[in-house]
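Following: one structure in structure tokens, then a few remarks.
Computed from a predicted model, the values in this text were never measured in an experiment.
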Amino acid sequence: MKKFVLSLVMILGITGAVFAQNDLQVLAVVKLGTSESITVKQVKNRCAMYEKQRGTKLTLEEKKKVLNALIEEKLVLHAAAKEGIAIPESTVDQYFLQNMAQAAGAPSITEKQLNDLLKSQQGKTLDQALQEQVGMTVTEYKLYLKNQLICQQYILKQKQSEIQGISATDDEIRAFYESNKSSFVWNDMLEVFLVIVPKGSNAEQAKTKCNDLLKKYKAKANTETEKAIVEQAKKEGFQAGALTLPKTEAAADTIGMPYKNLCFLFDQGNGYVSDLSETANDFRFIKVGKKYDAKLLSISDIVSPGTNVTVYEYIKVNLTGMKQQQYLAVAAAEVASGLNKPENVEQKKTGDALDKLLNW
């Protein structure tokens with residue numbers, strides 16, 4: 001019996017090694033400028049992302065399309081590198097946070113705030129949530145975004161004059177407004193100035209700092225004091241800034257406040273400054289500014305308080321962006337296909353050999 005168990009363990013170990021070797025099999029080599037291999041593992045990872053988004057498994061033919069898309073993505077990245085196109089990490093971080101803030105329904109949020117929000121609401125870290133949704137860690141997802149941005153910049157450079165000539169027409173803008181009029185509304189909104197001092201490893205020190213800031217603010221509650229506190233926050237690692245909050249539970253969650261407390265603020269007058277309050281993670285205070293009543297927006301109204309962008313201009317920018325993106329998608333396929341030539345790509349696996357490796 002012991003021999004049988006040992007043999008079974010050996011067989012399982014050999015099977016695992018075979019799978020690992022399969023993952024390292026090279027399916028294609030991109031040879032534009034420099035050489036880069038595309039392995040089974042890379043295709044698996046990209047397929048896993050699409051499968052998580054779709055909620056269904058990819059067919060063999062769809063996996064082949066993913067492989068081809070990876071080849072063409074690498075070709076564009078290599079072509080972009082030859083032309084010196086690069087994206088700084090700060091831009092990638094900003095783009096990542098914009099996407100995450102939009103998904104979280106928050107006007108602005110830091111990576112740490114998002115991580116804390118997910119922990120409190122779902123009991124998950126940002127890494128865990130992303131792995132569940134797209135099969136990537138934060139680091140992996142940022143690299144994916146970076147590559148997409150580089151590809152986009154390369155295509156934009158190739159098709160710059162054509163894209164600049166694309167714009168939404170007046171008829172398109174007014175038609176869009178009429179068919180989506182009910183979505184152009186203001187909720188009840190409130191301008192606030194919020195200061196949050198994280199407890200960190202020393203809650204008493206954080207409490208003292210927040211109290212000192214509150215006293216400083218109450219002594220002279222004006223724009224100049226707010227600017228000074230914001231500058232201090234940048235240097236000392238706490239949070240401070242002006243926000244416009246809709247009267248919604250999602251907005252309350254974004255700043256870690258019970259909805260009933262947000263409703264209380266809406267009942268206070270302009271200039272009200274709260275006392276120091278404590279949450280599980282921080283000390284804070286908040287000042288109430290101007291309030292805006294809910295209303296249906298006309299096409300000439302401004303989109304949000306504190307801006308001069310009208311609904312008309314907002315629609316024009318977004319419709320133009322949509323039309324340009326549609327053109328960009330077609331242009332990207334054309335440019336990538338033009339680079340996908342035998343002299344730039346060596347197919348290492350084809351036919352039945354390729355089918356076998358993609359049949360996981």
message: Looking at Lys220, is its backbone amide N or carbonyl O close enough to the side chain of Thr225 to form a donor-acceptor pair, meaning the two atoms are under 3.5 Å apart?
response: yes
task: May I ask you to test the Val273-Leu214 pair for a side-chain heavy-atom distance under 4.5 Å?
output: yes
query: Can you check salt bridge (Lys or Arg N to Asp or Glu O under 4.0 Å) on Glu51 and Lys44, steps first, answer last?
result: CA-CA 10 Å; Glu51 287 173 347; Lys44 274 188 177 181; over 6 Å; no
- request: Give a yes or no on whether the backbone of Thr110 and the side-chain of Gln113 come within a donor-acceptor separation of less than 3.5 Å.
  value: yes
- prompt: Under 4.5 Å between any side-chain heavy atoms of Phe238 and Leu213, yes or no?
  reply: yes
- prompt: Taking atom CD of Gln152 and atom CD1 of Ile87, what is their separation to the nearest 0.5 Å?
  reply: 8.5 Å
- prompt: Is Leu194 linked to Val230 within one hydrophobic cluster, defined over Ile, Leu, Val, Met, Phe, Trp and Tyr using a side-chain heavy-atom separation of less than 4.5 Å?
  reply: no
- prompt: Do Lys323 and Ile166 have side chains that get closer than 4.5 Å, going by heavy atoms?
  reply: yes
From Thr310, Ile315, Val309, residue fulfilling side-chain contact (heavy atoms from CB on, under 4.5 Å) relative to Tyr312: Thr310
field: ILVMFWY network linking Leu149 to Val134, side-chain heavy atoms under 4.5 angstrom
entry: yes
field: Separation of Leu67 CG from Leu354 CG (nearest 0.5 Å)
entry: 6.0 Å
message: Between Lys291 and Asp188 (salt bridge meaning N to carboxylate O under 4.0 Å), is one present in this structure?
response: no
- prompt: Does the side chain of Val345 come within less than 4.5 Å of Val29's, by heavy atoms?
  reply: no
- request: Just do the salt bridge (Lys or Arg N to Asp or Glu O under 4.0 Å) check on Glu313 and Lys316 with the steps written out, would you?
  value: CA-CA 5 Å; Glu313 291 162 340; Lys316 182 178 181 178; over 6 Å; no
query: So do the side chains of Lys64 and Asp355 get within less than 4.5 Å of each other, counting heavy atoms only?
result: yes
query: Are any of the side-chain heavy atoms of Glu178 and Lys181 separated by less than 4.5 Å?
result: yes
query: Is any side-chain heavy atom of Lys146 closer than 4.5 Å to a side-chain heavy atom of Tyr95?
result: no
message: Strictly distance-based, threshold 3.5 Å: is any side-chain N or O of His78 a donor or acceptor partner for the main-chain N or O of Thr34?
response: yes
- request: Answer with yes or no whether the hydrophobic clustering places Leu145 together with Ile85; edges join I, L, V, M, F, W, Y residues whose side-chain heavy atoms lie under 4.5 Å apart.
  value: yes
- request: Report the C-alpha distance between Glu346 and Lys348 in whole Å, list the side-chain angles of each, state the deciding distance to 0.1 Å, and finish with yes or no for salt bridge (Lys or Arg N to Asp or Glu O under 4.0 Å).
  value: CA-CA 6 Å; Glu346 181 182 354; Lys348 291 290 189 179; 3.0 Å; yes
- prompt: When clusters are formed by joining ILVMFWY residues with side-chain heavy atoms under 4.5 Å apart, either directly or through shared neighbours, do Leu262 and Val195 land in the same one?
  reply: no
- prompt: Is the closest basic N to carboxylate O distance between Asp170 and Arg174 below 4.0 Å?
  reply: yes
message: Quick check for you: to the nearest 0.5 Å, what is the distance between Thr254 atom OG1 and Leu245 atom CG?
response: 8.0 Å
Candidate pair Glu36 and Lys74, rule salt bridge (Lys or Arg N to Asp or Glu O under 4.0 Å), full reasoning: CA-CA 8 Å; Glu36 183 176 358; Lys74 296 296 184 185; 3.1 Å; yes
query: Is the shortest distance from a Lys or Arg side-chain nitrogen in Lys216 or Asp212 to a carboxylate oxygen in the other one below 4.0 Å?
result: no
- prompt: Is the closest side-chain donor-acceptor distance between Asn68 and Asn340 under 3.5 Å?
  reply: yes
task: Report yes or no: is the cationic atom of Lys287 (NZ for Lys, CZ for Arg) closer than 6.0 Å to the six-membered ring centre of Phe193, at no more than 45° off its axis?
output: no
query: For Phe264 and Tyr272, what are the C-alpha separation, side-chain angles and deciding distance, and is it a side-chain contact (heavy atoms from CB on, under 4.5 Å)?
result: CA-CA 11 Å; Phe264 169 80; Tyr272 167 82; 3.5 Å; yes
- request: On the 0 to 90° scale, with breaks at 30° and 60°, tag the Tyr217-Phe285 ring pair as parallel, tilted or perpendicular.
  value: tilted
Gap separating the CG atom of Leu118 from the OG1 atom of Thr125, nearest 0.5 angstrom: 8.0 Å
query: Looking at Val76 and Ala336, what are the two nearest heavy atoms and their distance?
result: CG2-CB, 4.0 Å
- prompt: Between Glu140 (side chain) and Thr137 (backbone), is there a donor-acceptor pair under 3.5 Å?
  reply: yes
message: How long is the straight-line distance from CZ of Phe266 back to SG of Cys263, given to the nearest 0.5 Å?
response: 7.5 Å
- prompt: Going through the checks in order, is the side-chain hydrogen bond (donor to acceptor under 3.5 Å, both in side chains) test met by Thr208 and Asn211?
  reply: CA-CA 5 Å; Thr208 300; Asn211 248 326; over 6 Å; no
- line: Heavy atoms of Gly289 and Leu190 approach each other most closely as O-CD1, 3.9 Å
Least distance between heavy atoms, Phe176 atom then Asn180 atom: O-ND2, 2.8 Å
- request: Answer yes if Leu143 and Tyr50 sit in the same cluster of Ile, Leu, Val, Met, Phe, Trp and Tyr residues linked by side chain heavy atoms under 4.5 Å apart, and no otherwise.
  value: no
- prompt: Does Asn115 reach the main-chain N or O of Leu126 with its side chain, forming a donor-acceptor pair under 3.5 Å?
  reply: yes
Nearest-0.5 Å distance that lies between atom CZ in Arg284 and atom SG in Cys210: 9.0 Å
- prompt: When you check the gap from the basic side-chain N to the acidic O, do Glu62 and Lys57 get nearer than 4.0 Å?
  reply: no
query: Any side-chain heavy-atom pair from Gln148 and Glu73 closer than 4.5 angstrom?
result: yes
